[in-house]
Number of protein chains: 2
Amino acid sequence: MNLKRYLPILQWAPEYSRSQASNDLIAALIVTVMLIPQSLAYALLAGLPAQVGLYASILPLVVYALFGTSRTLSVGPVAVVSLMTAAALAPLAEAGSAEYIAGAVLIAVMSGLMLTVMGVMKLGFLANFLSHPVISGFISASGIVIAASQLKHLFGIQASGHNLLDIVGSLLGSLGSTNIPTLLVGVGALLFLFWSRRFLKPLLNKLGMAPGTAAIFTKTAPILAVVVTAILAWGLSLDESGVRLVGEVPSGLPSFSMPSLDPSLWSQLAVSALLISVVGFVESVSVGQTLAAKRRQRIDPDQELIGLGTANLSAGFSGGMPVTGGFSRSVVNFDAGAETPAAGAYAAIGIALATVFLTPAIAWLPQATLAATIIVAVVTLIDLPALFRIFRYSRTDFGAMLATIVLTLVHSVEAGIIAGVALSIGLFLYRTSRPHCAVVGRVPGTEHFRNILRHDVELCPKVTFLRVDESLYFANARFLEETVMDLVAQEPKLTDLVLVCTAINLIDASALESLEAMSERLNDAGVRLHLSEVKGPVMDRLKGTELLEHMGGRVYLSSYDAWKALTGRDGC
Amino acid sequence: MNLKRYLPILQWAPEYSRSQASNDLIAALIVTVMLIPQSLAYALLAGLPAQVGLYASILPLVVYALFGTSRTLSVGPVAVVSLMTAAALAPLAEAGSAEYIAGAVLIAVMSGLMLTVMGVMKLGFLANFLSHPVISGFISASGIVIAASQLKHLFGIQASGHNLLDIVGSLLGSLGSTNIPTLLVGVGALLFLFWSRRFLKPLLNKLGMAPGTAAIFTKTAPILAVVVTAILAWGLSLDESGVRLVGEVPSGLPSFSMPSLDPSLWSQLAVSALLISVVGFVESVSVGQTLAAKRRQRIDPDQELIGLGTANLSAGFSGGMPVTGGFSRSVVNFDAGAETPAAGAYAAIGIALATVFLTPAIAWLPQATLAATIIVAVVTLIDLPALFRIFRYSRTDFGAMLATIVLTLVHSVEAGIIAGVALSIGLFLYRTSRPHCAVVGRVPGTEHFRNILRHDVELCPKVTFLRVDESLYFANARFLEETVMDLVAQEPKLTDLVLVCTAINLIDASALESLEAMSERLNDAGVRLHLSEVKGPVMDRLKGTELLEHMGGRVYLSSYDAWKALTGRDGC
């Protein structure tokens with residue numbers, strides 16, 4: 001059983017059928033066709049040579065098939081992780097240099113180690129601390145930065161920077177040296193890709209292709225753009241007109257690469273590797289869970305950590321770059337009918353064949369075409385309406401989201417994600433540090449108690465029921481003390497205060513001390529403190545504390561019991 | 001009104017009476033006698049020349065009298081802050097050097113700026129994030145480190161280090177070169193001080209002194225030790241026997257000192273200054289609040305930040321060291337009858353006179369005596385039984401406390417306090433990320449619903465009431481989704497699920513998305529989702545969201561209303 005948990009392949013491989021195999025093979029073929037331009041493009045985005053993207057699409061897919069729990073996730077280089085890799089390596093070395101490539105390998109290895117360790121320690125829940133608005137804002141902003149960073153390839157100019165301000169500034173400065181043939185190729189590819197996204201499917205339908213097949217075929221449009229522009233570049237010798245091509249790519253399978261063991265490099269890249277791991281994991285798990293739910297399957301987040309961790313380790317040791325489960329490819333894999341992770345392994349064979357046989361053709365590929373495929377892929381990530389949706393629902397969430405977007409755009413992806421997480425945690429803590437408190441009264445004719453400001457309820461001037469809408473812990477212990485003492489100061493006739501504990505899920509040691517101090521001060525003021533509706537786990541702890549001995553009042557099962565006991569039979 | 005808020009002196013000075021003045025003068029006299037050895041000792045502890053301690057006990061007291069809200073707080077150098085200052089400066093320069101003194105001045109100025117800005121921005125609540133167990137553990141552990149750090153002065157040997165391991169290791173290495181005369185003076189002073197703490201008060205009582213006077217007189221025993229050992233040192237020329245004395249102290253009032261404006265020094269000391277500010281503020285506010293409560297007065301934490309901030313600024317600009325409200329001195333000031341902050345200003349005059357007239361005598365003071373006064377003062381801070389108390393009540397709080405203690409002892413005060421705060425916040429977040437959930441049933445004959453595992457309640461197989469004991473936010477959104485889907489999977493007969501929202505004080509955007517996804521999956525499974533007892537602020541937000549439109553079920557005011565509606569008139 002335990003072996004099956006850590007090696008999910010044992011769950012499906014023994015019953016692997018011929019029909020599953022043929023479905024997986026078809027899906028793998030389509031994914032391979034999609035993955036070739038994507039892996040080249042994301043290597044370009046990360047500032048790495050083209051073959052690094054291919055290498056990252058071979059072994060990791062096989063390893064994920066062994067250790068991953070999603071049946072349809074397509075692992076490999078993805079846009080956001082590639083951008084983060086470029087941002088992490090930029091201060092270290094020049095893009096494409098040997099040190100730079102070694103850095104990418106090291107990030108993959110470190111990220112693989114971190115993910116695997118987190119998986120073994122069952123720390124998958126940590127990803128929950130990235131709230132939806134923060135992820136959504138981060139992905140949108142990253143999409144904008146990525147699209148902007150690719151414009152230089154469309155114009156055939158030099159530009160640099162890892163945030164929107166730098167990139168745009170740098171672009172504007174060198175727009176004068178635009179290379180017209182490059183622009184024609186790039187914009188042509190871009191227009192074709194946008195057109196095919198919108199109109200290719202209806203066209204194919206009209207031509208008699210089945211809707212499902214047409215949808216999948218549409219997703220492979222990038223390979224068409226790639227093939228056509230590569231043939232153009234070769235036929236017209238576009239490189240002589242200044243169109244930058246991918247250039248010579250070493251042919252053959254990747255060989256074993258040893259990551260750097262330089263401790264200073266490890267410490268320089270540690271934070272980036274951690275962020276890349278977490279962001280990649282969250283993206284991958286979201287996709288995996290969405291797809292699994294559609295087929296009533298489940299994925300195990302902790303085992304997913306191990307799956308992605310080992311995939312990254314294998315990427316690093318085979319000269320690749322950081323990988324994770326990509327959104328668009330996984331959807332295509334799912335729609336194309338992939339039934340088991342074997343589809344991923346078959347796609348790996350496809351990519352391996354490409355590295356052996358297709359590299360002479362890949363050399364003729366214009367970089368502008370790859371840039372166009374990246375831009376088309378990332379604009380679907382940008383979801384600005386989400387900003388308005390979140391704004392309407394919650395200012396707090398909106399604040400965290402906006403901070404993430406703004407910092408990602410004007411500073412860096414790392415600053416954006418860190419600020420988003422820190423701010424959403426900080427705002428949550430701030431909120432719990434000054435909880436909503438309501439004086440409640442009895443809804444007439446019932447045993448139910450509600451806020452006197454919102455409902456028409458019965459009251460008793462001698463007995464106040466105070467409901468505190470938060471667990472009591474160190475951050476709000478003093479706040480409660482002040483709230484209660486203010487309340488008592490305003491009600492000179494008060495003889496009994498009932499703390500309605502429906503929303504109190506925890507009383508920590510600091511809050512206990514505060515309650516004890518409060519109960520003493522209430523005693524001095526001639527007011528008895530009672531508790532009602534204390535939950536089981538809270539009551540278990542309170543037993544045996546001084547609070548219950550000294551507080552003067554009682555603990556009532558329900559607020560209505562307290563009401564009956566304290567206000568007399570006829571109400572108040 | 002506003003001026004009175006920012007200048008609390010305007011609240012009491014206009015009505016300052018003759019009797020208040022005489023009470024303040026008496027208290028000031030006693031505090032001065034206590035403050036002279038303390039300020040010298042804490043300067044020694046911080047690795048600073050003796051006069052720095054005196055300087056920090058003049059202007060800051062006057063400034064606090066203008067801006068502070070506590071009537072009895074005695075501001076000046078204190079043990080923990082002095083230790084933290086020494087730890088912060090140790091990596092920068094040699095103790096006692098000009099750079100080292102400049103560093104202490106800069107910490108005081110930075111800490112003053114930080115506190116003042118926090119006060120103006122009303123950030124006093126931030127101090128609440130230091131939980132009681134963490135503070136208690138930190139103070140105890142600091143007390144141990146401080147006491148250990150003073151042993152070298154008792155033995156007259158060289159030793160260094162800012163954590164217990166280093167100090168003890170260093171002490172053991174040089175114990176061989178113990179100076180016997182120093183040890184005699186130090187241990188003599190130590191024994192006298194411990195004896196006087198225990199037995200001087202009963203003795204004075206027996207000799208006919210009033211109990212109150214005897215208690216205060218006992219607290220000034222250190223000055224007796226100081227005077228006697230200084231006379232001994234002078235009469236016996238103890239310096240020639242190797243007893244280290246305070247040595248020549250420049251006579252006269254402090255002059256204006258300009259803090260360093262070196263940006264690299266500012267950034268090196270920023271974290272330390274922040275920690276010193278926060279720890280000093282928390283210590284000071286705890287003492288101030290305890291004493292104010294005894295006389296039914298109040299202090300305003302935000303204005304206290306300004307009071308302590310300006311006091312530290314004045315300490316820095318007059319060549320002093322970081323200051324805060326000290327525990328033992330404030331209690332003595334309170335017990336001696338101080339009625340207004342004027343008592344502090346009078347004490348400042350006392351110290352000023354000492355810097356003018358007493359410096360020749362102070363020069364003869366053995367350092368061992370000062371070390372003895374520090375040791376006796378800090379052992380009262382050590383509260384190890386608190387560890388057991390907290391352990392019994394809460395493992396979580398105990399964990400944070402233990403981490404604080406261990407890291408303070410074996411690494412550094414800064415690591416201790418940071419780990420304590422981070423761990424207590426982390427454990428709180430962890431707890432809220434996997435909330436307690438209870439299936440509840442109706443307590444027979446009432447409208448009250450409780451946990452089926454703890455109470456004998458009525459149930460209905462078709463309708464499950466699930467109470468989630470936590471606000472729903474990003475960290476637990478997915479957890480709830482899983483809990484609910486597991487529950488539904490176990491109950492095939494289920495037609496209605498009522499989410500009892502008594503403990504849900506917030507539903508953030510992430511949790512809303514999870515609830516929407518959950519409601520959709522429940523619909524697919526043929527289960528209607530209902531909500532009951534949704535609080536006003538939560539309901540305000542939910543109105544207009546898709547959740548309420550699509551969830552299939554209704555929102556009930558009380559769980560009993562839901563019970564009546566869903567289970568039929570005759571129960572289930």
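Letters A, B, ... are given to chains in the order of the sequence lines, protein chains preceding strands, and every chain is numbered from 1. In this text, all values refer to a predicted model and were calculated from it rather than measured experimentally.
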Heavy-atom cut-off 4.5 Å, strictly under: side chain, backbone, both or neither for [X] against chain A?
X	value
R434(B)	side chain
V440(B)	neither
I425(B)	both
I504(B)	neither
E533(B)	both
F125(B)	side chain
S559(B)	neither
N451(B)	neither
S136(B)	neither

Worksheet item: Any chance CG of D486(A) has more than 12 other-residue heavy atoms, nucleotides or ligands included, within less than 6.0 Å?
Response: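 It does: D486(A) CG has more than 12 such atoms within range.
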Practice prompt. Evaluate whether atom CD of E520(B) has more than 12 neighbouring non-hydrogen atoms of other residues, nucleotides or ligands under 6.0 angstrom away.
Written response: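 At most 12 heavy atoms, drawn from other residues, nucleotides or ligands, come within 6.0 Å of this atom.
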Discussion item. So which atom in R478(B) and which in N128(A) form the shortest heavy-atom distance, rounded to 0.1 Å?
Written reply: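 Taking R478(B) first and N128(A) second, the nearest heavy atoms are NH1-OD1, 3.6 Å.
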Discussion item. Which heavy atom of Y393(A) sits nearest to which heavy atom of A509(B), and what is that distance?
Written reply: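 Looks like CE2-N, 3.7 Å.
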Which portion of [X] sits near chain B, non-hydrogen atoms under 4.5 angstrom:
X	result
V285(A)	side chain
T446(A)	both
I135(A)	neither
R521(A)	neither
R450(A)	side chain
F129(A)	both
L512(A)	side chain
E482(A)	side chain
R541(A)	both
T545(A)	side chain
E513(A)	side chain

Discussion item. Check this for me: does any side-chain nitrogen of one of D508(A) and R431(B) sit under 4.0 Å from a carboxylate oxygen of the other?
Written reply: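 Not counted as a salt bridge, because no side-chain N and carboxylate O are separated by less than 4.0 Å.
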I'd like to know which of [options] tops the heavy-atom pair count under 4.5 Å against chain B.
options	answer
P435(A), S424(A), A477(A)	S424(A)
H455(A), E470(A), H448(A)	H448(A)
M401(A), H436(A), R392(A)	H436(A)

Worksheet item: Could you state the interatomic distance from CG (L130(B)) to OG (S510(A)), rounded to the nearest 0.5 Å?
Response: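 The OG atom of S510(A) is 9.5 Å from CG of L130(B), to the nearest 0.5 Å.
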Worksheet item: Distance from E481(A) atom CD to Q289(B) atom CD, nearest 0.5 Å?
Response: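 CD of Q289(B) is found 7.5 Å from CD of E481(A).
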Among [options], residue most engaged with chain A (heavy-atom pairs, under 4.5 Å):
options	answer
L542(B), L557(B), L126(B), D561(B)	L557(B)
P537(B), S433(B), S394(B)	P537(B)
Y430(B), F474(B), Y560(B), F479(B)	F474(B)

Worksheet item: Can you tell if the side chain of D540(A) reaches within under 4.5 Å of the side chain of R454(B), non-hydrogen atoms only?
Response: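 Yes. Closest side-chain heavy atoms under 4.5 Å.
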Practice prompt. Give the C-alpha distance, both sets of side-chain angles, the deciding distance and a yes or no for side-chain contact (heavy atoms from CB on, under 4.5 Å) between L429(B) and L429(A).
Written response: CA-CA 9 Å; L429(B) 290 174; L429(A) 290 174; 4.3 Å; yes
Item to complete: Could you tell me whether a side-chain N or O of D469(B) sits under 3.5 Å from a main-chain N or O of N505(A), the two making a donor and an acceptor?
Response: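 The answer is no, because no donor-acceptor pair under 3.5 Å joins these two groups.
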Practice prompt. Would you sort out whether S131(A) and Y473(B) count as a side-chain contact (heavy atoms from CB on, under 4.5 Å), showing the intermediate values?
Written response: CA-CA 8 Å; S131(A) 72; Y473(B) 77 115; over 6 Å; no
